[in-house]
Structure formats: C-alpha cells, structure tokens
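So the structure is just underneath, and the comments pick up after that.
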Amino acid sequence: MYRSGAVMAWNVFKFCTALRGLGSIMILLVLGVVGVSYYAVVITNYGPGLAAGGLDSLIAFVVLILFHCLLVLLLWSYFSVVFTDPGGVPPNWRPAVDEETGDSDPLTASEFPPESENGRIRFCRKCNQLKPPRCHHCSVCGRCILKMDHHCVWVVNCVGALNYKYFLLFLFYTFLETTLVTLSLLPHFIAFFSDGEIPGTPGTLATTFLAFVLNLAFALSVMGFLIMHISLVAGNTTTIEAYEKKTTPKWRYDLGRKRNFEQVFGMDKKYWFVPAYSEEDLRRMPALQGFEYPSKPDLDSQEF
C-alpha cells in the first residue's frame, strides 16, 4: 500500500512537471493559430478584396476592421493573463482579526498544526502557512493561489483573483474572433466542394482550409468554457469551489448577479471590456486584491 501511494505521488509530480514544461510550446501554439488565421483572412482573402471595388470592397473593409480590433483585444487579454501574477499569499501572512472570536490579536501559524483547521482560518500543509479565504494550493505552481480557479496550460499560469477577469475576457474575445474568422471563411470553405475552379495557389488554399477548421473547432470549444464561466461568475464562485460546494444548497459569497459580476469586473463600466481595473475600483473593492470578500452574514459559518 505504501509503495502504491509513493508511485501515485511520483506520477502526480511528473504530471505537474510536464505541465510546467509545456509553457513556451502552448504560447507558440496560440500564436501559430493566430498567424494562420491572419494569413488566411488578411493576406489571402480579404486584404486583396479591398481593391475589388463595390460591395466586395465594403465587406472586406468591415471584416478587416472587426478582425484587427478583436485581435488586439484578444492578444491584450491573453498576455495579461500570461504575465499577471494570479495572487499569492505573502510569507507569514496572518488574518488581521480572528474571525472566530473577534479578537484583534492576529493569529499565528503555530496556533494551527498541519492536521487541523479552524473554521474559515485554514492552514496549508504544503506551504506551511495560513491561507486566506477562498485560497487553494496549486501543485503545478507549487504555492497557494488567491481565489484559485484552475491552472490553465493555455496561458501557462494559474487563474486566480488578480487575473480571472483577464482570463474571462480572453475567452470572450477568442470566441468572437474565431466565430468571425469561421463565418468570413465559410464561403471559401464551401467553394472547396464545388465543381468550379478556385482561385489561389495550393499553399493559400491549404491555409484557408486549415484556418477554417481550426477556428471552427476553437469557437465551439471556447463557447462551452465561456458558458460555464459565465454561470460561475453569476454565482460568485470558482471552478474549484463549484466542485467543493456541490452538496451545499446556499453559497455565502453569492451576493446577487449584479454584485457578483462586480466582484470580478469591478464597478467602473469603462473598464469592463478591457484587461485592467480603475484605481478607484482597486481602492474601494478589497475583493479585487484577493484577501477579503463580502459575504452573507447568515452564512458566515460556511467553511471554504
């Protein structure tokens, strides 16, 4: 039995190491899909269409404007997720107030042995320190992440309190961009199965075909993830919390859809669709920092 447990731990370790090693490969893969799509839409099909004149020229202009606007927002959101720290627990972090007794004397890690937890004040056995509310340990990153949602291989980073909004915007703009590319290349894809002669070299035709298939696949898959995360935001929960509380009928952090949305995107509407927060939101909303979260007083006894 001991050997079996050791083998399992070794397999998990190798799996986490493999995920870390995928980093640059996944970024290159994302940029590769963007490059193929750009070549098919801008260089091969709609760029030359600007000189066609008439309605074709207008359609090409609209497609290219939308394509480039969405591409800028997609890449901005993507690299914001990649390069933004999701939020870690500072060394020797301690809650300012004992939430169990109301004492103002901060708790210390020595008061919580590794085998015990004290309600909402939790202790991480791997990091050997206290954990803020809604914080979880990531085996890939090797540390505790504030309001951790999941570790995403596509962004080579954990998705947590400080970059969850950026991740949602990345999904949103990826869905819009891949849908636009799919629809714009659909007439050219249908032409492959017609009896008429198709203009273009074998290379450009192959790129158009590949771009259509890739973008259709990504649009359908991202749509599923986007719908799932919209439901999570509506309930003010994360992927991990949704799994942990599946037997809990009420959730202490569910403040209503409007306030739940603001807990992720902020209150300043001008910043809702860009991967950034206003200074005022960062100052007035502690939830955006990842350490404190408003909750329902009647459900404060829940342990997560």
Side-chain angles (χ1 to χ4, degrees), residues 7-34 74-91 93 122-175 217-218 221-233 235-246 253 263-265 275 287-291 293 304:
V7 171
M8 181 177 295
W10 173 246
N11 290 338
V12 171
F13 174 77
K14 289 194 296 183
F15 176 72
C16 295
T17 304
L19 287 180
R20 286 193 290 267
L22 281 175
S24 57
I25 298 176
M26 300 308 292
I27 293 178
L28 291 176
L29 180 59
V30 170
L31 295 179
V33 174
V34 170
L74 186 160
L75 293 177
W76 184 10
S77 300
Y78 178 70
F79 286 109
S80 293
V81 186
V82 172
F83 293 114
T84 300
D85 191 296
V89 184
W93 175 87
R122 302 177 302 148
F123 189 85
C124 178
R125 298 180 180 89
K126 297 180 180 179
C127 295
N128 196 34
Q129 67 176 13
L130 299 174
K131 294 196 297 186
R134 313 185 74 177
C135 178
H136 291 82
H137 186 88
C138 175
S139 299
V140 181
C141 296
R143 60 178 180 141
C144 286
I145 302 297
L146 301 175
K147 196 186 176 185
M148 178 180 172
D149 187 88
H150 68 290
H151 187 95
C152 181
V153 295
W154 288 99
V155 301
V156 203
N157 198 1
C158 252
V159 178
L162 305 187
N163 64 355
Y164 184 49
K165 172 189 174 181
Y166 310 157
F167 175 76
L168 294 177
L169 291 175
F170 167 59
L171 291 182
F172 178 65
Y173 291 123
T174 299
F175 173 69
F218 275 103
S221 59
V222 169
M223 180 176 65
F225 281 110
L226 187 59
I227 292 174
M228 182 189 78
H229 280 281
I230 288 174
S231 66
L232 292 176
V233 172
N236 198 5
T237 187
T238 65
T239 301
I240 293 177
E241 291 170 345
Y243 174 78
E244 289 181 338
K245 72 180 183 67
K246 59 186 178 181
Y253 297 110
Q263 292 296 301
V264 176
F265 287 84
L288 300 181
Q289 303 296 333
F291 290 97
Y293 300 94
F304 284 102

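When reading the values below, keep in mind they use all heavy atoms of this one structure, side chains included, and skip hydrogens, waters and symmetry mates.
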Rounded distance [0.5 Å steps], [atom1] in [X] versus [atom2] in [Y]:
{"X": "Leu288", "Y": "Lys165", "atom1": "CG", "atom2": "NZ", "value": "8.5 Å"}
{"X": "Leu31", "Y": "Phe79", "atom1": "CG", "atom2": "CZ", "value": "4.5 Å"}
{"X": "Phe123", "Y": "Lys131", "atom1": "CZ", "atom2": "NZ", "value": "10.0 Å"}
{"X": "Glu241", "Y": "His136", "atom1": "CD", "atom2": "NE2", "value": "6.0 Å"}

Within a strict 4.5 Å, meaning less than it, do heavy atoms of the [X] and [Y] side chains meet?
{"X": "Phe83", "Y": "Asn157", "answer": "no"}
{"X": "Pro86", "Y": "Met148", "answer": "no"}
{"X": "Tyr293", "Y": "Pro132", "answer": "no"}
{"X": "Asn163", "Y": "Val155", "answer": "no"}

If only atom types and distance count, is the side chain of [X] paired as donor or acceptor with the main-chain N or O of [Y] below 3.5 Å?
{"X": "Tyr173", "Y": "Leu75", "result": "no"}
{"X": "Asn236", "Y": "Tyr253", "result": "yes"}
{"X": "Thr84", "Y": "Val81", "result": "no"}
{"X": "Arg122", "Y": "Cys135", "result": "yes"}

Is the His150-Phe225 ring centre distance short of 6.0 angstrom?
no
Listed once per pair and sorted, the salt bridge (charged side-chain N to carboxylate O under 4.0 Å, His left out) pairs that draw on residues 135-148, sequence neighbours left out:
Asp85-Arg143
Can you spot which of Phe170, Phe172, Phe167, Tyr166 makes a ring pair (Phe, Tyr, Trp, His ring centres under 6.0 Å) with Tyr78?
Phe170
Return the minimal non-hydrogen interatomic distance between [X] and [Y], and the atom names on each side.
{"X": "Leu226", "Y": "Leu171", "answer": "CD1-CB, 3.9 Å"}
{"X": "Ile145", "Y": "Cys158", "answer": "CG1-SG, 3.8 Å"}
{"X": "Arg134", "Y": "Thr237", "answer": "NH2-CA, 3.7 Å"}
{"X": "Ser80", "Y": "Trp76", "answer": "OG-O, 2.7 Å"}
{"X": "Ser139", "Y": "Lys126", "answer": "OG-NZ, 3.6 Å"}
{"X": "Leu74", "Y": "Thr174", "answer": "CD1-CA, 3.6 Å"}

When you look at Thr238 and Leu232, which way does the side chain to side chain contact (heavy atoms under 4.5 Å, CB included) test go after all the steps?
CA-CA 6 Å; Thr238 65; Leu232 292 176; 5.9 Å; no
